[in-house]
Number of protein chains: 2
Amino acid sequence: MQNISLDTLFELSEFFKFFGDTTRIRVIHLLLSGEMSVSAIAEKLNLEQSVVSHQLRILRTANLVKPTRDGRKIYYALDDEHIGEIFNTGLAHILHKKKG
Amino acid sequence: MQNISLDTLFELSEFFKFFGDTTRIRVIHLLLSGEMSVSAIAEKLNLEQSVVSHQLRILRTANLVKPTRDGRKIYYALDDEHIGEIFNTGLAHILHKKKG
DNA sequence: TGTATATATGAATTGTTGTTCATATATTTA
DNA sequence: TAAATATATGAACAACAATTCATATATACA
């Protein structure tokens, strides 16, 4: 295998943490279909607004999502093409395991 | 996007959690090169034996690694081809972001 | 069978993280 | 500019997870 620094491995684990929470993975899943406002996300996922905002801040700080303001609303979109790829690779694993 | 059940999304986030810890990601990285005994892993990563054992139990319970006993030693290997794929996809993202 | 070696595990502790609640900020419109 | 709407954020709390330390189990070998 490649020689990967401790630092990079740490960053990698930090990166995967973003996918390791139900709320965040649901948000990510939702945004795979396209951008959506905070209130729309909250309504669609049946979550409190502040829960969504807090988690969006985490994703935004990590540059996994990016906001665009339109009037009072702020639309969030996935910021990186890799996100969907990682999501789908994990999903493939889960579904594969389900079948046995 | 596909219609994914809440249950599956939960499982997916649980799955990514395994990658979201430095110790575990280091173990996974190590095992990408092939199987290795507990003591060898601990020595290579400069970690206490019990730390490694505890984390291996988590990975084993989730069927991410599988043990094979040979005498007193127990060799652990990655149990699934997807593991490396997910690891590398995440790594590609990290390295890509580093370059900017 | 007693001792050494390899690994696993339980309990306690500590650090981290997600949610809740209250409130602040920003934007629009009356 | 006041009120309404949309989003963000800080603090407190609760739940969870990782490590440490002590010890248990399993295997090999003298």
Side-chain angles (χ1 to χ4, degrees), chain A residues 6 9-31 34-79, chain B residues 6 9-31 34-79:
Chain A
L6 249 174
L9 286 170
F10 177 75
E11 285 177 51
L12 188 52
S13 66
E14 289 299 303
F15 175 65
F16 279 122
K17 268 185 192 166
F18 299 121
F19 295 83
D21 173 78
T22 312
T23 300
R24 284 192 298 268
I25 207 90
R26 290 176 74 202
V27 170
I28 290 169
H29 171 235
L30 205 55
L31 297 185
E35 66 171 17
M36 195 173 285
S37 73
V38 178
S39 47
I41 295 171
E43 188 177 0
K44 190 90 175 179
L45 300 184
N46 197 31
L47 293 169
E48 301 242 348
Q49 175 262 321
S50 86
V51 167
V52 173
S53 269
H54 274 299
Q55 295 307 326
L56 281 174
R57 179 166 53 85
I58 292 174
L59 295 172
R60 170 166 32 89
T61 302
N63 291 311
L64 296 195
V65 300
K66 64 163 182 293
T68 310
R69 182 180 280 275
D70 180 20
R72 292 183 258 218
K73 294 201 171 178
I74 298 182
Y75 291 86
Y76 277 87
L78 295 181
D79 189 33
Chain B
L6 249 174
L9 286 170
F10 178 76
E11 284 177 50
L12 187 53
S13 67
E14 290 299 303
F15 175 65
F16 280 120
K17 269 185 193 167
F18 298 121
F19 296 83
D21 174 79
T22 311
T23 300
R24 285 193 297 268
I25 207 91
R26 291 177 74 201
V27 169
I28 290 169
H29 172 235
L30 206 55
L31 298 184
E35 65 173 16
M36 194 174 285
S37 73
V38 177
S39 47
I41 295 171
E43 188 176 0
K44 191 90 174 177
L45 301 184
N46 198 31
L47 293 171
E48 302 242 347
Q49 175 263 319
S50 86
V51 166
V52 173
S53 270
H54 274 299
Q55 295 306 324
L56 281 172
R57 180 166 53 83
I58 292 173
L59 294 172
R60 169 165 33 86
T61 302
N63 291 310
L64 295 195
V65 301
K66 62 165 184 292
T68 311
R69 183 180 278 278
D70 180 19
R72 292 182 261 215
K73 294 201 171 177
I74 298 182
Y75 291 86
Y76 278 87
L78 295 181
D79 188 35

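Ring orientation note: the planes of A/Phe16 and B/Phe19 are tilted relative to one another, at an angle of 30° to 60°.
Look at A/Ser39 and you'll find a side-chain N or O under 4.0 angstrom from OP1 or OP2 of D/dT7. For A/Tyr76, no side-chain nitrogen or oxygen approaches OP1 or OP2 of D/dA6 to under 4.0 Å.
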**Summary of protein contacts for nucleotides 25-30 of chain C, nucleotide by nucleotide, where a base hit scores B, a sugar-phosphate-only hit scores S (4.0 Å, heavy atoms)** = -SBB--
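Residues that satisfy the salt bridge (Lys or Arg N to Asp or Glu O under 4.0 Å) test with B/Glu35, not counting sequence neighbours, are absent from this structure. Listed by chain and residue number, A/Lys17 satisfy the side chain to side chain donor-acceptor pair (under 3.5 Å) test with A/Glu14 (two or more places apart in sequence, or in another chain).
Using a 4.5 Å cut-off on side-chain heavy atoms (C-beta onward), A/Leu64 and A/Phe15 make contact. Counting heavy atoms from C-beta outward, B/Leu47 and B/Arg26 have side chains that approach closer than 4.5 Å. Residues B/Ile41 and B/Leu56 are in side-chain contact: their nearest non-hydrogen atoms beyond the backbone lie under 4.5 Å apart. Within the 4.5 Å cutoff, side-chain heavy atoms of B/Ser39 are placed close to those of B/Lys73. Between A/Leu31 and A/Val65 there is a side-chain heavy-atom pair separated by less than 4.5 Å.
As rounded to whole Å, 9 Å separates atom P of D/dT7 from atom CD1 of A/Ile41.
Annotation: salt bridge (charged side-chain N to carboxylate O under 4.0 Å, His left out) contacts involving residues 59-69 of chain B, sequence neighbours excluded, comprise B/Lys66-B/Asp79.
Near DNA chain C, defined here as any heavy-atom distance below 4.0 Å, there are no residues from residues 10-25 of chain B. Sorted by residue number, the members of residues 46-58 of chain A with any non-hydrogen atom under 4.0 Å from DNA chain D read A/Gln49, A/Ser50, A/Ser53, A/His54, A/Arg57.
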